[in-house]
Protein chains: 2
Amino acid sequence: MKTRKDTKTGILDAAEVLFASRGPNATSLRQIIGKAKVNLAAIHYHFGSKESLLEAVLARRLVPLNAERLALLEDYELTAGKGAVPLPKVLEALVGPALRLSRDPGKGGERFMRLLGRCVLEPDEKIQGLINTQFHYVLERFRPALLKALPNLPPEEFFWRIHFLVGAMAHTMADSERLRDISGGLCNPDDTEGMVQRLVSFLNAGLKAKS
Amino acid sequence: MKTRKDTKTGILDAAEVLFASRGPNATSLRQIIGKAKVNLAAIHYHFGSKESLLEAVLARRLVPLNAERLALLEDYELTAGKGAVPLPKVLEALVGPALRLSRDPGKGGERFMRLLGRCVLEPDEKIQGLINTQFHYVLERFRPALLKALPNLPPEEFFWRIHFLVGAMAHTMADSERLRDISGGLCNPDDTEGMVQRLVSFLNAGLKAKS
DNA sequence: AAACGTTTCAAACAAACGTTTGATTATGAA
DNA sequence: TTCATAATCAAACGTTTGTTTGAAACGTTT
């Protein structure tokens, strides 16, 4: 029983790193066992299949992450009383915890944030399914707050802007490292708080745009 | 000599469709030849390799597309004289031609737009290389116009916002079909002009946000 | 028609993939 | 110790992947 958790979380950790950097479909089980230094059959023994492994990798961080998002939102709503929570606060609750993951190397760090962004943008239907279930649940909870903070915004326009928001957020999570190249080293993706603040103010202005 | 172009463009067309819907790496050559109804060896005879095939698929549409973007921008700059081109116009020149591709089914249509968005977000380094070369070239040309339209915006902030812009644009190009589901059928991704207009006004407001 | 280069085709290639097997070793309870 | 369960391991499974081969069919030119 002593080595079970070691092997299991060892696989999860290695899979998280590799899934995040090359994408789940481009990562082979043999690369994972090479990094985790376990036997190939251990993956199927502990997780059943590659798909279930990805599911486990996602669930390990995503469930607490979404709980944190909802808790933050409820906190802001309590403070706001019967009034609307200001849009920047709502956005902060939505994108902040996700982006801030990279600040906490112990809890998955940058690796998982990249993986999450990558999965959101992944064409593969199985991965889509895993993500959409979680995302719909969060969006359903955030939608009333967003609509409240954005009065006079037609529902159709609202969904379009959520779509743009998801794109900007996912791309930022998945591949901000690219920004270092594009900017010629001027931008530093490691400055997470700066990143959150910049993204929130960008989204805040975009969502409030006059249509 | 008569059938050469038929086979060659037949492969390009089939590859474009399949690459766009499942992603290049998730598409096998055998799926392509099945759709194009040609022999497997024809791909290597005409293109040399799978990677070169993707390169050819991209180049066929991307070169004229980027030319159109630059032509539009120069047109606006001519009209503006020595003054700055208004930001919405600059954005229109940047994202309009790409999104509008879906209006022209003869010239590749929605299929290529999806592929392009997908390639921008693709982790694979070889694909990144193909995209970055083209994108850098365009961005270098658009940067002065964007900076001119956005005075008082610090260079660091500028690059961050370009990054958000790319994310929103690529996600919109790659997978607006998803919006139909999320919105419960309320939003119609086939309304390309509406899509362009909404994205431009969203990006316009986001780029102008007070930092 | 004969000879030419170009294009198609069925068949096979080695490599890599996710998954399964059956034997072997470690662990905790009786 | 003895036994049963849990975990690890090397080896092989059948597919699928991108790529290569050599011969057949085609179109053009002489």
Side-chain angles (χ1 to χ4, degrees), chain A residues 1-58 115 118-119 122-130, chain B residues 1-58 115 118-119 122-130:
Chain A
M1 286 289 207
K2 194 182 61 180
T3 54
R4 171 162 52 173
K5 282 204 169 181
D6 294 336
T7 309
K8 210 167 176 179
T9 67
I11 293 172
L12 284 173
D13 290 340
E16 190 172 65
V17 175
L18 293 171
F19 282 165
S21 62
R22 319 179 201 203
N25 282 331
T27 303
S28 74
L29 296 184
R30 284 169 178 83
Q31 291 172 327
I32 295 173
I33 64 144
K35 191 174 189 66
K37 283 164 188 165
V38 300
N39 188 271
L40 178 55
I43 292 184
H44 291 89
Y45 177 77
H46 286 286
F47 298 97
S49 71
K50 185 184 182 182
E51 192 189 347
S52 301
L53 171 61
L54 174 60
E55 208 172 337
V57 170
L58 287 176
L115 172 59
R118 199 136 281 173
C119 286
E122 180 72 41
D124 187 287
E125 291 187 0
K126 290 178 182 174
I127 298 177
Q128 279 293 325
L130 298 181
Chain B
M1 287 284 205
K2 190 182 61 178
T3 55
R4 170 160 52 175
K5 282 205 170 181
D6 294 336
T7 308
K8 209 168 178 179
T9 68
I11 292 172
L12 284 174
D13 290 340
E16 189 172 66
V17 175
L18 293 171
F19 282 165
S21 61
R22 320 180 200 202
N25 283 331
T27 302
S28 74
L29 296 184
R30 284 168 178 83
Q31 292 172 326
I32 296 173
I33 64 145
K35 192 173 187 65
K37 283 165 189 167
V38 299
N39 189 272
L40 178 57
I43 291 183
H44 291 88
Y45 176 76
H46 286 287
F47 299 97
S49 70
K50 186 185 181 181
E51 191 190 346
S52 301
L53 171 60
L54 174 61
E55 206 173 338
V57 170
L58 287 176
L115 172 60
R118 198 136 281 173
C119 287
E122 180 72 40
D124 188 286
E125 290 187 2
K126 290 178 182 174
I127 299 178
Q128 280 292 326
L130 297 180

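Chain letters run A, B, ... following the sequence lines, proteins first, then strands; residues in each count from 1. Just so it is clear, the values below take in all heavy atoms, side chains as well, and ignore hydrogens, waters and symmetry mates. Since the structure is predicted, the reported quantities are computational estimates derived from the model, not experimental observations.
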- Message: Taking only side-chain N and O atoms of T7(A), does any of them lie within less than 4.0 angstrom of OP1 or OP2 on dA7(D)?
- Response: no
- Item | Residue-phosphate contact under 4.0 Å: S28(B) side-chain N/O, dT16(D) OP1/OP2 | no
- Considering just the side-chain nitrogens and oxygens of H46(B), establish if one lies under 4.0 Å of OP1 or OP2 belonging to dT6(C). no
- By nearest-nucleotide position on DNA chain C, the 5'-leaning member of L40(B) and G48(A) is L40(B)
- Distance col, row T7(A):OG1 vs I43(A):CD1, nearest 0.5 angstrom, shows 11.5 Å
- Message: What's A42(B) touching, base or sugar-phosphate or nothing? Going by heavy atoms closer than 4.0 Å.
- Response: nothing
- Query: Do any side-chain nitrogens or oxygens of H44(A) fall under 4.0 Å of OP1 or OP2 in dT21(C)?
  - Reply: no
- Can you check side chain to side chain contact (heavy atoms under 4.5 Å, CB included) on I32(A) and V38(A), steps first, answer last? CA-CA 9 Å; I32(A) 295 173; V38(A) 300; over 6 Å; no
- Item | Opposite nucleotide pairing with dT8(D), Watson-Crick or G-U, both atom distances under 3.5 Å | dA23(C)
- Query: Do L130(A) and C119(A) have side-chain heavy atoms sitting under 4.5 Å apart?
  - Reply: no
- Query: Counting side-chain heavy atoms from CB outward, which of dC9(C), dT19(C), dG18(D) is closest to L29(B)?
  - Reply: dG18(D)
- Verify the contact: side-chain N or O of N39(B) to OP1 or OP2 of dA10(C), cut-off strictly under 4.0 Å; return yes or no. yes
